[in-house]
2 protein chains.
Amino acid sequence: MLTERQRMILNAIIDDYIRSAEPVGSRSISKRGDVGFSAATIRNEMADLEELGFLEQPHTSAGRVPSTKGYRYYVDHLVKLGEVNDSDLTKIRSFFTEKMTQMEEVIQHAATILSSLTNYTSIVLGPESYANSLKHFQLVPISDDAAVAIIVTNTGHVENRTISIPPDMSMSDIERAVNILNTKLIGVPLIRLKAKMHTEVGQELGRYVDQCERLLGVLDDAFNTEDENRVFLSGTTNMLTQPEFKDVDKVKTLLDLFGETPTLMRMFAGQPVGIQVRIGSENSHEAISNCSLITATYSVDGVSAGTIGILGPTRMDYAKVIGLLDVLSKDMAVLLGRWYK
Amino acid sequence: MLTERQRMILNAIIDDYIRSAEPVGSRSISKRGDVGFSAATIRNEMADLEELGFLEQPHTSAGRVPSTKGYRYYVDHLVKLGEVNDSDLTKIRSFFTEKMTQMEEVIQHAATILSSLTNYTSIVLGPESYANSLKHFQLVPISDDAAVAIIVTNTGHVENRTISIPPDMSMSDIERAVNILNTKLIGVPLIRLKAKMHTEVGQELGRYVDQCERLLGVLDDAFNTEDENRVFLSGTTNMLTQPEFKDVDKVKTLLDLFGETPTLMRMFAGQPVGIQVRIGSENSHEAISNCSLITATYSVDGVSAGTIGILGPTRMDYAKVIGLLDVLSKDMAVLLGRWYK
DNA sequence: CGTTAGCACTCAGTGTCGTCGAGTGCTAAT
DNA sequence: ATTAGCACTCGACGACACTGAGTGCTAACG
């Protein structure tokens, strides 16, 4: 519904604004080589584009600024996804050749790369643990009445929790219980763990172990694997260098948001596969209404597992970020695949 | 070396300034009930106090502001440590009655309490792990060539790391190795672990297990327990509400500092036992030259173990913070004692 | 002699005013 | 259809005066 020329002009305006962060006027567009029209013509088109809702004017005698709708059109139709910068690419690759001993390390690494290459804030959601299953379970007594429960998943992830053990429960009882639990529960998906423990294991355990109910009660806690620690952030302070955040209050609401892990998780929940761009007011959350969030899902073994994302001002370098996310999400899939193999 | 009246006036000025964050003039001091002198008299004293270095003047026709030296005198001689607010106290106590399954949780909790009660930023250093010893060691294979090494300490702390196991090493070999390691190394302090593993265990292990050197090589990694994750922060954005941080650049340098865990650890290193106040330029680090850092060590089983601290503007409520730290450091000692018992 | 009232002085903050310039919208000429 | 030209708008900026909080000094007071 836009003429070719209007698209050219819109593209030029957004390009300029991304670079300068200042309202762009008709003359500066006209002076660029790529649009060969006079300022007056461009002014007319700009007026039309504003009427159509693609541009906005901060005040009468200022240049134009892209609206959310403008950015939306830009990312949907105009932006040309170039190749990822060579030096960026080598940085990514060299990062991932480093030796990493924990899955969390890989994910945190990915976040760090993203934020350092873009100068925006990166948010990475670790792989969901739904699919994971129990590999090993253990109770290590550390005093008369306390023990550490350790759960190892098939992906090598370790969860641990201190529990209090019922008094007058003997060491041998505990050992026996752990053995039964291991034989019965290995391979069971984590989400089913609690249910299965009570139904199937409960009876069997009751035969051999006194006080079995109380033990199971405490273990309930241990098997509560909330995955609140799946969110990894990096470059949170990068936002402060953006001119749109020279106001401390805005900074605070944003940084406070970063501290609320559950809210972040909700923002990322139900992400469709692939790359997604949410611009300004398209975001559900107030605090980032003048930000854009670009996310990409990554999959492990062909199953969608987690999400990596970049949060920046609406005036962000969409082409670059989309390219980076594309590359990195694929690299992560490969890298994480090793853990799941 | 200060007259009684000078001390009164200095005290009044600092009190006022802590409340208002604005240069305080002679008239406003005179109007307070507690100093019964005219503005003129107070002006004279203020001039003297400035000459002595306790006060500073932003510009000629402004009120006075305490200098670092002024604050120092204030905390050393003037501040009267009142009892901790009752409602604060109940908050602390009720917090700590909550059930917590991990030591990290306790520490993070303490940090959260501090920052929420003070509206400053809290920095808590978890207990040193020097004294900790090995309670249990385990290798859980998760694929043909990888395993998770798990170390449990006597305090119930769990460390885990993914290691790659040498090819053509049999399951039974691994099991045997783990058994030997467990019998030989339990009770050994963590810092000695690597050394002891090579000297004593190495020979014994060599007798039973093939490829023992290569296994020990990989385990070296696993036993590298850097304690970089001992620092807990809370309320980092509280600083943004302080008028001295309405400049985004200052905010950024501060927040960047918060991100550098090693630097933070260095700031806390070698803390003498007890409560310590470091004011403004007394701090080694540039980024917090207009902040004060108040720290308290806490001990477990009578041994100094970690540090809790509050970072706020130099214009902070010293009395309240010192009181809180005092209470909380003792509570933490008690609470953590349970883990070490 | 310590204290205080009085006074001249300083200076950041604030509001007003005119200028400047980047930018627009409209009209008429090409 | 395009563009040159022109009047107009409006924020940004500097100059300016005014205000008021605060000071330092001096002289008077008890």
Side-chain angles (χ1 to χ4, degrees), chain A residues 2-10 12-17 19-67 70 243-244 246-247 315, chain B residues 2-10 12-17 19-67 70 243-244 246-247 315:
Chain A
L2 290 187
T3 69
E4 186 55 34
R5 193 170 67 185
Q6 282 175 323
R7 296 159 63 133
M8 269 179 63
I9 291 175
L10 181 57
I13 290 174
I14 295 185
D15 265 7
D16 248 38
Y17 187 65
R19 255 188 286 283
S20 70
E22 262 159 34
V24 2
S26 54
R27 239 177 77 88
S28 62
I29 293 298
S30 163
K31 272 191 295 189
R32 294 170 42 131
D34 54 351
V35 187
F37 296 96
S38 78
T41 310
I42 293 176
R43 271 205 291 284
N44 288 329
E45 296 286 29
M46 281 164 87
D48 290 351
L49 284 170
E50 183 173 358
E51 208 168 351
L52 291 169
F54 294 99
L55 296 178
E56 280 166 0
Q57 222 172 357
H59 56 264
T60 323
S61 72
R64 303 306 210 287
V65 160
S67 68
E244 24 269 285
K246 58 180 187 298
D247 175 24
R315 180 192 63 75
Chain B
L2 291 188
T3 70
E4 186 55 34
R5 193 169 68 184
Q6 282 174 323
R7 297 158 63 132
M8 271 179 61
I9 291 176
L10 181 57
I13 290 174
I14 295 185
D15 265 6
D16 248 38
Y17 187 66
R19 255 187 286 283
S20 69
E22 261 158 35
V24 1
S26 54
R27 238 178 76 88
S28 62
I29 294 297
S30 163
K31 272 191 295 189
R32 295 171 41 134
D34 53 350
V35 187
F37 296 97
S38 79
T41 310
I42 293 176
R43 271 204 292 284
N44 289 328
E45 296 287 29
M46 281 164 86
D48 289 351
L49 283 171
E50 182 172 357
E51 208 169 350
L52 291 170
F54 293 98
L55 297 178
E56 280 166 1
Q57 223 172 357
H59 56 264
T60 324
S61 74
R64 301 306 210 287
V65 160
S67 67
E244 23 269 285
K246 57 179 189 297
D247 176 23
R315 181 192 61 75

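Chain naming here is simple, since letters A, B, ... match the order of the sequence lines and numbering starts at 1 in each.
If one axis is set at each end of the helix from C:dC1-D:dG30 to C:dT30-D:dA1 from five pairs, those axes are 20° apart, to 10°.
Taking CD1 of B:Ile42 as the start and CD of B:Gln6 as the end, the distance is 12.5 Å to the nearest 0.5 Å. With rounding to the nearest 0.5 angstrom, the CE atom of A:Met8 is 13.5 Å from the CG atom of A:Leu2. The CZ atom of B:Arg19 lies 12.0 Å from the CD1 atom of B:Ile14; values are rounded to the nearest 0.5 Å. Between the OG atom of B:Ser20 and the CZ atom of B:Arg315 there is a distance of 7.5 Å, given to the nearest 0.5 Å.
The distance from atom CD of B:Glu22 to atom P of D:dA21 is 12 Å, rounded to the nearest whole Å. Here the P atom of nucleotide C:dT4 and the NZ atom of B:Lys31 are 17 Å apart, to the nearest Å. Separating the CD atom of B:Glu56 from the C1' atom of D:dG22 is a distance of 17 Å, rounded to the nearest angstrom. Whole-Å rounding puts the A:Ile42 CD1 to D:dA4 C1' distance at 14 Å. Computed from coordinates, the B:Leu49 CG to D:dG22 P distance equals 17 Å when rounded to whole Å. Atom-to-atom, CZ of A:Phe37 to C1' of D:dT2 comes out at 9 Å; the value is rounded to the nearest Å.
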Apply side-chain contact (heavy atoms from CB on, under 4.5 Å) to residues B:Ile29 and B:Ser26 and explain how you reach the verdict. CA-CA 5 Å; B:Ile29 294 297; B:Ser26 54; 5.8 Å; no
Margin query: side-chain contact (heavy atoms from CB on, under 4.5 Å) for A:Asn44 and A:Asp48? Distances and angles first, verdict last.
Written below: CA-CA 6 Å; A:Asn44 288 329; A:Asp48 290 351; 5.6 Å; no
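Contact detail for A:Ile13 and A:Val24: the closest heavy-atom pair is O-CG1, 3.7 Å. A pairwise comparison of heavy atoms in A:Arg64 and A:Ala47 identifies NH2-CA, 3.6 Å as the closest pair.
Applying the 4.0 Å criterion to OP1 and OP2 of D:dT2, one finds that A:Ser38 has every side-chain N and O outside that range. Side-chain N/O atoms of A:Arg5 include none lying less than 4.0 angstrom from OP1 or OP2 on D:dA1.
Residue pairs satisfying the ring-ring contact (aromatic ring centres under 6.0 Å, His included) criterion with at least one member in residues 24-44 of chain B, sequence neighbours excluded, are absent.
In this structure A:Asp15 satisfies the salt bridge (Lys or Arg N to Asp or Glu O under 4.0 Å) test with no other residue, sequence neighbours excluded.
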Collect all protein-nucleotide pairs involving nucleotides 24-27 of chain C in which both atoms are nitrogen or oxygen and the distance is under 3.5 Å.
from   : atom 1 : to      : atom 2 : distance (Å)
C:dT24 : OP1    : A:Arg64 : NH1    : 3.4
C:dT24 : OP2    : A:Ser26 : N      : 3.2
C:dT24 : OP2    : A:Ser26 : OG     : 2.7
C:dG25 : OP1    : A:Arg64 : NH2    : 3.1
C:dG25 : N7     : A:Arg43 : NE     : 3.1
C:dG25 : O6     : A:Arg43 : NH2    : 3.1

Short N/O separations, protein against nucleotides 14-20 of chain C, under 3.5 angstrom:
none

Distance-only donor-acceptor pairs under 3.5 Å for side chains of residues 51-58 of chain A, two or more places apart:
from    : atom 1 : to      : atom 2 : distance (Å)
A:Gln57 : NE2    : A:Thr60 : O      : 2.9
A:Gln57 : NE2    : A:Ala62 : O      : 3.3

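Ranked by how close their nearest DNA chain C nucleotide is to the 5' end, B:Thr41 and A:Ser28 are led by B:Thr41.
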